[in-house]
Amino acid sequence: MKFPKRIYKNPKEFLGDLWFALKNINRLKKLVKQKIVSPAFQERLMLAVTTVNGCRYCSYFHARQALKSGLSKTEISGLLSGDVSGCPEDEAVAVIFAQHWAETNTQPDPEALRRLRQTYGPEKTEAILLLLGMIRLANLTGNSWDYLMYRVSFGRIGM
């Protein structure tokens with residue numbers, strides 16, 4: 001059976017994401033502190049990307065964080081199944097973009113990126129893209145760990 005989750009394909013890909021995170025951690029902290037993106041909005045973005053990437057660790061963690069930030073169990077369940085219809089209208093463009101961004105392995109359609117920028121402006125768009133980069137690192141690291149466990153256990157664990 002083929003391992004079903006997205007993983008890092010090589011060390012260069014992992015190191016690129018790690019470098020992005022390290023290079024931008026202070027900018028992200030500043031944007032989070034300023035609440036450019038509300039905690040509930042952050043969790044919607046995290047769950048959208050995590051659902052595409054299939055990280056069980058991040059799904060669990062961000063579902064709990066989403067509850068703490070005020071999302072309903074129904075909305076969280078919807079997001080975890082890829083349904084964004086429960087999102088507030090003013091956040092839907094970003095949540096749909098987050099799914100697309102993850103599905104295209106960080107290479108979104110230029111029109112989708114243009115619409116994100118047009119909808120949210122430069123500062124909020126920057127915050128959204130930073131959040132997406134951080135959750136990708138966490139998702140693919142968790143999944144790569146699971147893949148290692150899957151391989152060394154001959155498929156008995158890590159799924």
Side-chain angles (χ1 to χ4, degrees), residues 1-34 36-69 71 76 79-82 84 91 93-117 120 122-159:
M1 179 178 168
K2 184 179 176 198
F3 191 74
K5 301 175 186 176
R6 291 173 182 242
I7 60 170
Y8 283 115
K9 305 226 182 307
N10 56 60
K12 182 180 178 185
E13 188 179 15
F14 168 71
L15 292 172
D17 282 356
L18 181 61
W19 175 246
F20 173 84
L22 293 173
K23 180 175 69 172
N24 290 294
I25 192 71
N26 288 331
R27 284 175 47 207
L28 181 65
K29 285 179 185 177
K30 178 183 168 194
L31 292 168
V32 168
K33 187 176 181 178
Q34 292 174 339
I36 303 296
V37 177
S38 73
F41 191 6
Q42 288 177 42
E43 294 309 323
R44 287 182 183 96
L45 295 168
M46 299 294 182
L47 288 172
V49 172
T50 294
T51 298
V52 172
N53 290 330
C55 179
R56 63 184 170 146
Y57 309 106
C58 295
S59 292
Y60 174 79
F61 177 80
H62 286 289
R64 292 192 61 173
Q65 292 302 112
L67 281 171
K68 289 179 184 176
S69 72
L71 275 69
I76 293 167
L79 287 165
L80 288 172
S81 65
V84 300
E91 297 176 5
V93 169
V95 175
I96 292 167
F97 176 85
Q99 286 178 323
H100 171 67
W101 181 88
E103 289 166 352
T104 60
N105 201 27
T106 75
Q107 301 300 311
D109 180 75
E111 177 58 25
L113 187 55
R114 185 198 64 73
R115 183 160 184 222
L116 184 75
R117 287 188 172 120
Y120 299 103
E123 187 175 42
K124 197 169 213 172
T125 297
E126 176 190 18
I128 290 166
L129 293 173
L130 286 170
L131 288 164
L132 300 184
M134 298 299 174
I135 193 61
R136 174 189 153 86
L137 174 63
N139 288 169
L140 272 57
T141 299
N143 289 347
S144 295
W145 172 255
D146 276 352
Y147 180 67
L148 176 63
M149 294 295 98
Y150 176 80
R151 290 298 302 258
V152 299
S153 71
F154 301 101
R156 290 189 301 273
I157 59 174
M159 295 291 276

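For the single chain, residues carry numbers from 1 onward in sequence order.
Considering all non-hydrogen atoms of both residues, L116 and A94 come closest at CD1-CA, 3.8 Å. Summarising the geometry of G142 relative to C55, their closest heavy-atom pair is CA-SG, 4.2 Å, with the distance given to 0.1 Å. Residues A98 and A48 share a closest heavy-atom pair of CB-CB, 4.1 Å. Heavy atoms only, all atoms of each residue included: K5 and G54 are closest at CD-O, 3.4 Å. The two residues K9 and E13 have their closest heavy-atom pair at N-OE1, 2.8 Å. A pairwise comparison of heavy atoms in T125 and R117 identifies OG1-CA, 3.4 Å as the closest pair.
When side chains are defined from C-beta on, H62 does not count as touching I76, because their heavy atoms never get closer than 4.5 Å. In this structure, F3 and D146 have side chains that are in contact, with non-hydrogen atoms separated by less than 4.5 Å. At least one side-chain heavy atom of F41 sits under 4.5 Å from a side-chain heavy atom of I128. A heavy-atom distance below 4.5 Å is not found between the side chains of R6 and N139. Residues L130 and F20 are in side-chain contact: their nearest non-hydrogen atoms beyond the backbone lie under 4.5 Å apart. By the 4.5 Å heavy-atom criterion applied to side chains, S38 and E91 are counted as neighbours. Residues F97 and L129 are in side-chain contact: their nearest non-hydrogen atoms beyond the backbone lie under 4.5 Å apart. The shortest distance between side-chain heavy atoms of S81 and T51 does not fall below 4.5 Å.
Atom OH in Y150 sits 11.0 Å away from atom CD1 in I7 (nearest 0.5 Å). In this structure, NE2 on H100 lies 8.0 Å from CD on E103, to the nearest 0.5 angstrom. Separating the CG atom in L47 from the CZ atom in F61 is a distance of 11.0 Å, to the nearest 0.5 Å.
No option in T50, I135, L79, L132 other than L132 meets the side-chain contact (heavy atoms from CB on, under 4.5 Å) test with L45. With respect to E126, the side-chain contact (heavy atoms from CB on, under 4.5 Å) criterion is satisfied by exactly one of L28, N24, L31, I36: L31.
Other residues, nucleotides and ligands contribute only 12 or fewer heavy atoms inside 6.0 Å of the NZ atom of K33. Counting non-hydrogen atoms of neighbouring residues, nucleotides and ligands closer than 6.0 angstrom, the CZ atom of R114 exceeds 12 such neighbours.
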* Asked: Yes or no on side-chain contact (heavy atoms from CB on, under 4.5 Å) for Q34 and E123, after CA distance, side-chain angles and deciding distance?
  -> CA-CA 11 Å; Q34 292 174 339; E123 187 175 42; 4.0 Å; yes
* **Check against side-chain contact (heavy atoms from CB on, under 4.5 Å), W101 and Q107** => CA-CA 6 Å; W101 181 88; Q107 301 300 311; over 6 Å; no
* Asked: Given the rule in the side-chain contact (heavy atoms from CB on, under 4.5 Å) test, do F14 and L137 qualify, once you have shown the distances and angles that lead to the verdict?
  -> CA-CA 8 Å; F14 168 71; L137 174 63; 3.9 Å; yes
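At a cut-off of 3.5 Å, with distance as the only test, a side-chain donor of D17 or Y8 sits close to an acceptor on the other residue. R56 and N143 share no donor-acceptor pair across their side chains, judged by distance under 3.5 Å alone.
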